[in-house]
Every structure is written in structure tokens, then in C-alpha cells.
Amino acid sequence: MKVRFHGHACFSIEGGGSKVIFDPFLTGNPLAKVKEDQMDVDAILLTHGHSDHLGDGLSIAKRTGALIIAPFELAMYCQFKGAQVHPMHIGGSYQFHFGKVKLTPAWHGSAVIEDGNIQYTGSPCGFVVTLENKTVYHAGDTGLFGDMELIGRMNKLDIALLPIGDNFVMGIDDAVEAAKMLRPKIVVPMHYNTFDIIKQNAEVFKAKLSEAGLKCEVLEIEDEITL
Ligand code: NI
Ligand code: MN
């Protein structure tokens, strides 16, 4: 399986002839290197409705016919906007043609801001996705929570994508605690440096994980790891 970082919380994973993308925030991301019209995927997994996660999700879905997989309320919002959707909710899993998806809790908010109005889109989530016998945990936007221990115990995680930007999500020290509970083979930091308010030194995160016996890969934008 190939895991590619497109910036912020956006990753694509590819395996078994399928490709799915998480939180495709490309337009408006000052660090993004690819454009939304270069994205061709089978499914778009959305953790919540904030603009830095929903991002280009609707335009990619409508252009390519990719299925949007999201918590129920956000999925309904996307369906009303003309996308093909598969609604799920926290704790539920489903076997798609490309692999298995399970929604995990995330401590955060979820809303779309449109024309000066806040449209709430239910609970945010994280995802555990198994493709080609490899399992990825995308934590979404979240604070630290103790049930990550359960996620780590119940899933043999090949890779965990964890936010470290602080302010809106976990900072470095909390993300280190998260990784200790999740015990993935590889930890990849996300959701930092996109904006000044979430500036972090990922090398500090990597060093702290190394002290805890955990392996971290800091990906540059458009870097790819093969698992
Ligand atoms: Ni958010
Ligand atoms: Mn965010």
C-alpha cells in the first residue's frame, strides 16, 4: 500500500487497484502542490465539515463520481450538494469494494460555514481503513482521548496519521501519548505548519517518539511511503 501526503490532513492511500483520499484540502492550502483537478480517486473520506477538511471534496466527487464516505450529517450535506455518498457513523464499519472502513471518535467540532451561516454537520470522526491487508488510522482533528488505547488494542495499525498542530487539535506532547496508546508501526504527523497558528517542529515530535521506542516518518508534501 502507498500512503502519500498532500499537505495538512490530506493523504491518499493506494492499493489493490483502488485509491482513496482523506480530507482533500488543496484549493486554499498555501502549501499544497497538486490541484484538485489532478485528483482521481475511488472514494473521498471526510472526517468533518470544516473547510480545511471538506476542502475540494465536493468538486472532486462531482467531477470524478468518487463516493464520499462521511459521518451521516456531513454525508447528507454532501448529497444535498449533488455528490454520491455513503453515510456511516462512529463505531460502524463497512466493507467497500476497495477495503474496510471503520469510523472512530474524534473530540472536535464539525460545521460548514456558508454565506455567513454556520451549518452544523454532526460529530467529527477518525477513520481506520484496511486496504490490501494494511491498516491506516487517520485520527481526524481531535484532542487526546484514552480510548485510543482501545483503537490500538483492537487494530494492528501499520500507520497512524496524527495531528500535532496544537490550538485546534493535539499538540506534540499529547500526540506522543496518543502514539504510545496506538502503537502503530509508523507514526506520521499532520495538521501543522499550514498556517502560523499551527506551526510546530515535527523533528521534536520524531525525537520524542524515538525516546518512546516508536518510529516516526516526517513527510514533505507529496512524499510517499510504501508499506
Ligand atoms: Ni477542524
Ligand atoms: Mn482542521
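In each ligand, atom 1 is the first atom listed, and ligand 1 is the first ligand listed.
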Asks: Output yes when Asp42 and Lys19 qualify as a salt bridge under the 4.0 Å nitrogen-oxygen rule, no when they do not.
Replies: no
Asks: Please find out if the Mn ion (ligand 2) and some N, O or S atom of His53 are separated by less than 2.8 Å.
Replies: yes
Asks: Between Thr47 and His138, does any side-chain donor sit less than 3.5 Å from a side-chain acceptor?
Replies: no
Asks: Looking at Asp52, pick out the N, O or S atom nearest to the Mn ion (ligand 2) and give its name.
Replies: OD2
Asks: How large, to 10°, is the angle at the Ni ion (ligand 1) when you draw lines to NE2 on His48 and to ND1 on His50?
Replies: 90°
Asks: Hey, which N, O or S atom on Asp141 ends up closest to the Mn ion (ligand 2)?
Replies: OD2
Asks: Would you call Arg4-Glu222 a salt bridge at under 4.0 Å N-O?
Replies: yes
Asks: Ion pair present between Lys81 and Glu114, side-chain N to carboxylate O less than 4.0 angstrom?
Replies: yes
Asks: Taking both backbone and side chain into account, is any N, O or S atom of His8 nearer than 2.8 Å to the Mn ion (ligand 2)?
Replies: no
Asks: Can a salt bridge be assigned to the pair Glu149 and Lys180 using a cut-off of 4.0 Å between side-chain N and carboxylate O?
Replies: no
Asks: Restricting to N, O or S, what is the name of the atom of Asp141 that lies nearest the Ni ion (ligand 1)?
Replies: OD2
